[in-house]
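Whatever order the structure lists ligands and atoms in, that order sets their numbers, starting from 1.
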Amino acid sequence: MTTTESSPAIVGMPRIGDPAPPFTAVTTQGSINFPADYAGKWVIFFSHPADFTPVCTSEFITFASMQQQFAAYNTMLVGLSVDGLYSHIAWLRTIKEKISFRGMHDVEVTFPLIEDVSMEVARKYGMIMPGEDSTKAVRAVFVIDPEGKIRAVIYYPLSLGRNFDELLRVVKALQTADHFHVATPADWRPGDRVTVPPAGSCGTAKERMDGHAEGIECEDWFFCTKEISADQIESAIRVGGHPRVG
Ligand code: BEZ
């Protein structure tokens, strides 16, 4: 396919529900075979535009500082940029030795950062958006489940640093939905009411509206919620099943 400025190459991207496209790659933590090496774990696979840039640096410090919080929900981090391995190593060393961000300092990035100079992986995942920049990846996030299926896709432009609390919320919400067979409404956080699947029959709709469905409250027959406490959620989805303290 040829690419011109007026008609950039249209590159596909994996969609929610698709299997994560497989690849092998060199990373700052050795070679990986993705997603096979992460079978049984959730993964946040994300791209950043370039090493030695300020927004990316703030993101890496934040991600690395939250790595244990993600691990507590069986979620591993894997980063990618189209820079080379030695640039990655030098940048991560500089971050640890010199950079502070919002009180975080001396931060060691121990999750793998993929080198992708050929852009092969970035193209496979639709991380290059030529209208934004044809030589850098945008800030893409793929949330991949333990079966290697893509469960959420979030994209940010080059100038906008990601919201990492939101990424953790997405992981918890997906795991809660899977475990309890519910859905999570707008701005949901653990402990907020969840929505239950719509009534599948007139009988169920009537039962719910008559207030006979135990633990379920309805605004209307199609909009019903129930309580799942934050402790129940933590016990179900947190590694080791212990409720969070504090
Ligand atoms: C940054 O990380 O600061 C950045 C990277 C690429 C373009 C613009 C900003």
Side-chain angles (χ1 to χ4, degrees), residues 3-14 21 23 25-29 32 34 43-70 75-144 150 152-171:
T3 306
T4 66
E5 201 144 304
S6 57
S7 81
I10 296 174
V11 181
M13 57 183 269
F23 62 84
V26 171
T27 87
T28 49
Q29 301 292 324
I32 59 170
F34 194 89
V43 182
I44 293 188
F45 176 40
F46 67 99
S47 58
H48 72 275
D51 298 346
F52 293 102
T53 51
V55 177
C56 299
T57 299
S58 70
E59 290 193 318
F60 265 67
I61 291 174
T62 309
F63 242 150
S65 300
M66 292 178 69
Q67 189 175 354
Q68 292 314 314
Q69 287 183 66
F70 283 100
T75 302
M76 307 295 123
L77 308 176
V78 179
L80 171 149
S81 86
V82 303
D83 296 294
L85 181 64
Y86 298 136
S87 166
H88 285 347
I89 292 170
W91 180 45
L92 300 187
R93 285 176 61 87
T94 305
I95 287 176
K96 176 161 168 51
E97 287 163 14
K98 297 201 178 137
I99 313 286
S100 296
F101 176 66
R102 291 223 177 103
M104 296 173 272
H105 53 85
D106 196 25
V107 174
E108 185 156 10
V109 175
T110 58
F111 58 80
L113 173 52
I114 293 169
E115 76 153 357
D116 189 30
V117 179
S118 69
M119 299 195 199
E120 198 181 322
V121 179
R123 288 211 175 90
K124 226 176 207 185
Y125 275 79
M127 292 166 166
I128 307 292
M129 300 209 161
E132 178 76 336
D133 194 308
S134 56
T135 60
K136 293 181 178 67
V138 294
R139 300 181 199 281
V141 181
F142 291 86
V143 182
I144 298 167
I150 293 177
V153 180
I154 310 173
Y155 275 79
Y156 291 70
L158 301 185
S159 63
L160 176 57
R162 284 163 273 221
N163 181 320
F164 290 84
D165 290 334
E166 169 64 1
L167 301 184
L168 188 55
R169 190 188 78 96
V170 167
V171 166

Inset, instruction - May I ask you to test the Phe34-Ile114 pair for a side-chain heavy-atom distance under 4.5 Å? - result: no
Inset, instruction - Using heavy atoms and a cut-off under 4.0 Å, could you grab the residues that are in contact with ligand 1, chain by chain, numbers ascending? - result: Pro49, Thr53, Pro54, Val55, Cys56, Arg139, Leu158
Inset, instruction - Measure across Asn163 and Tyr156 and return the closest heavy-atom pair with its distance rounded to 0.1 Å. - result: N-OH, 3.5 Å
Legend entry - Flag side-chain contact, heavy atom, 4.5 Å: Leu168 against Asp165: no
Inset, instruction - Please state whether the rings of Phe46 and Phe111 are parallel, tilted or perpendicular, taking 30° and 60° as the class boundaries. - result: perpendicular
Inset, instruction - For the residue pair Arg139 and Cys56, establish whether any side-chain heavy-atom pair is separated by less than 4.5 Å. - result: yes
Inset, instruction - Can you run down the side-chain hydrogen bond (donor to acceptor under 3.5 Å, both in side chains) pairs that involve residues 103-112, sequence neighbours left out, and say none if there aren't any? - result: Gln67-Thr110, Lys96-Asp106
